[in-house]
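Structure record follows, encoded as structure tokens.
Here, residue 1 is the first one in the sequence, and each next residue gets the next number.
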Amino acid sequence: MKSLPACLMFSMFSLAAVMPASATVSVTSPLNGATLGTIVPFAAVGSTPCSKGVAAMGVYVDNSLLYQVNGNILSTSLSLANGSHHVTLQEWDLCGASSASAAVINVVNTATVNVSSPAAGATVPSPTPINATATSPGCAAGVSSMQVYAQGVSVYTVAAAAINTTLNLAAGPNQLTIKQWDRCGGVASTGLAVTVTAGTKLANLQRAPNWNQWGESPPVYDICTSCNGITWKMTQGIKTPAVSGSATEFEVGGTVPYSDVLWSNKLIGQGTTLGLPDTSQTILPSIHHLVFDAEIYPTNLSATQDIELDANIYLNGVGMEWGTQCNHLHTGVWDIWDNVNNKWVGTSVPCVLNEGAWNHVNITFQRLANNDLVYGTLTVNGVAHVLNITVPPFAVPSSWYGLTLNYQLDGNSKMASYTTYVDNLSLTYY
């Protein structure tokens, strides 16, 4: 290789020595091509050969300046819509020059609203149970609030990441939207259409008169009114503990292991305690949906073998028993009743109740056109589980006609005495 003349080499060295270094924007977030949540972090440091330094830095998103800060350090987060965005982080120095770094990012909303009830497309009663939870993984500060809209109008707001309430909605088709806001400016929503029926609510059934009361001895569990070794008590009008101010106390005890006590009330039809004999037989044939709702206060879960909740319809020689029980000390799950095979069938829903506190239990049932029984949704303390289990009915004497409600407590291996309280017990039908 030929050598350059000494004078030329000297000239190039002198030029390199006097050329200033270029201004830069060093970006640590976001990186080009990144996929991010709706809350996008921006972080960069600006440098300049200007002796006066960097005056300001800014963030452009799709050619719009969304953020600006004085100095050479930029650190912020911006809420961006879903989709692809061109972002530019720019610095301006005090000598009138500027430099920038550009990138293309993709934004995906990671915030969600999960609605457990009602189900989309369902026919529901009013008041309507609303259960939903919100998450926002892209926001470390979490969810700030949730809101329910019916027909575009806000009808409920809560400053939390979960909704567990019942709302009075107008009868007919309803478009519901459940929306959440996080503390970083992110928003997410879920919409669903439901049909609301007014239904008929039989309320405060724990106060109803003339409850039947029986003991049941193993292994046959036939009912008895004077049962050796089984004791029980039912006391209405309890003020403490109570939700409504008038709860009912149910107590079991005795000496016969695994014995039970059944309380039952005839609501509609023969023997009605509510003045609803339905002699024209227009009510029962029209019932295709039932919603059981109650507040239950257990006092000694270590002795509580089972808590059973049943609704029964007897019509035209067909028996339909929607039986559910919290199988607390045996399997620890909720069971449903198999009418035909006369046995309990376990579900995958855990039975988790709070001792010494009120537990809100809501169960939906359906009667199909062929009288098959459907177990719908089981909701305990705001956590909803979709059962969607269908079982056939069973034959009964054609003279049986009515709707009844059962509450039963089962004893453990030592038949240790225990008490539960029940309040706001209702059954809604439509």
Q.
Is it true that Asn412 and Tyr418 share a donor-acceptor pair across their side chains at a distance under 3.5 Å?
A. no
Show which side-chain atoms of residues 89-97 pair as donor or acceptor with protein atoms under 3.5 Å away, not counting sequence neighbours.
from, atom 1, to, atom 2, distance (Å)
Glu91, OE2, Ser99, N, 3.3
Glu91, OE2, Ser99, OG, 2.7
Asp93, OD1, Cys95, N, 2.9
Asp93, OD1, Gly96, N, 3.0
Asp93, OD1, Ala97, N, 2.8
Asp93, OD2, Thr48, OG1, 2.8

Query raised in the report: Between Asp410 and Gln408, do the side chains contain an N or O donor and an N or O acceptor separated by less than 3.5 Å?
Result: yes
Which of Thr419, Leu409, Ile307 passes side chain to side chain contact (heavy atoms under 4.5 Å, CB included) with Phe250? Answer is Leu409
Task: Asn300 side chain to Ser302 side chain, donor-acceptor N/O pair below 3.5 angstrom - done: yes
For Ser264, the side-chain hydrogen bond (donor to acceptor under 3.5 Å, both in side chains) test, sequence neighbours excluded, returns Asn406
Main-chain N/O of Val340 paired with Asp338 side-chain donor or acceptor, under 3.5 Å: yes
Given the options Val153, Leu167, Leu169, Val148 meets side chain to side chain contact (heavy atoms under 4.5 Å, CB included) only with Leu167
(Q) For the backbone of Val333 and the side chain of Asn327, can you confirm whether one donor and one acceptor N or O come within less than 3.5 Å of each other? (A) no
#### Entry: Between Asp293 and His360: side-chain donor-acceptor atoms closer than 3.5 Å
yes
To the nearest 0.5 Å, atom CE of Met146 lies from atom OG1 of Thr133 at 6.5 Å
Sequence neighbours left out, cut at 3.5 Å: what donor-acceptor pairs do the side chains of residues 112-124 make with other protein atoms?
from, atom 1, to, atom 2, distance (Å)
Thr112, OG1, Thr135, OG1, 2.5
Ser116, OG, Asn131, O, 3.2
Ser117, OG, Asn131, ND2, 2.7

Regarding Asp335 and Gln325, do their side chains bring together a donor and an acceptor under 3.5 Å, going by distance alone? yes
Inset, instruction - Using a 4.5 Å cut-off on heavy atoms from C-beta on, say whether the side chain of Asn388 contacts that of Gln366. - result: no
Here the side-chain hydrogen bond (donor to acceptor under 3.5 Å, both in side chains) pairs for residues 144-157, sequence neighbours left out, are Gln147-Tyr149, Gln147-Ser154, Gln147-Thr157
Has the side chain of Arg367 got a donor or acceptor atom that lies under 3.5 Å from a matching backbone atom of Pro285?
yes
Residue pairs meeting ring pair (Phe, Tyr, Trp, His ring centres under 6.0 Å), one or both in residues 326-352, sequence neighbours left out, come to Trp337-Trp344
Note to self: Between Gln206 (side chain only) and Leu425 (backbone N and O only), is there a donor and an acceptor less than 3.5 Å apart?
What the structure shows: yes
- request: Answer yes or no: is there a side-chain heavy-atom contact under 4.5 Å between Glu249 and Met234?
  value: no
Check whether the side chains of Arg183 and Ser136 place a donor and an acceptor atom closer than 3.5 Å, and report yes or no. no
For residues 287-350, the disulfide (SG to SG under 2.5 Å) pairs (sequence neighbours left out) are Cys326-Cys351
Between Trp358 and Glu295, the two heavy atoms sitting closest are CZ3-O, 3.4 Å
Partner of Tyr407 under side chain to side chain donor-acceptor pair (under 3.5 Å), picked from Thr420, Thr248, Asn265, is Thr420
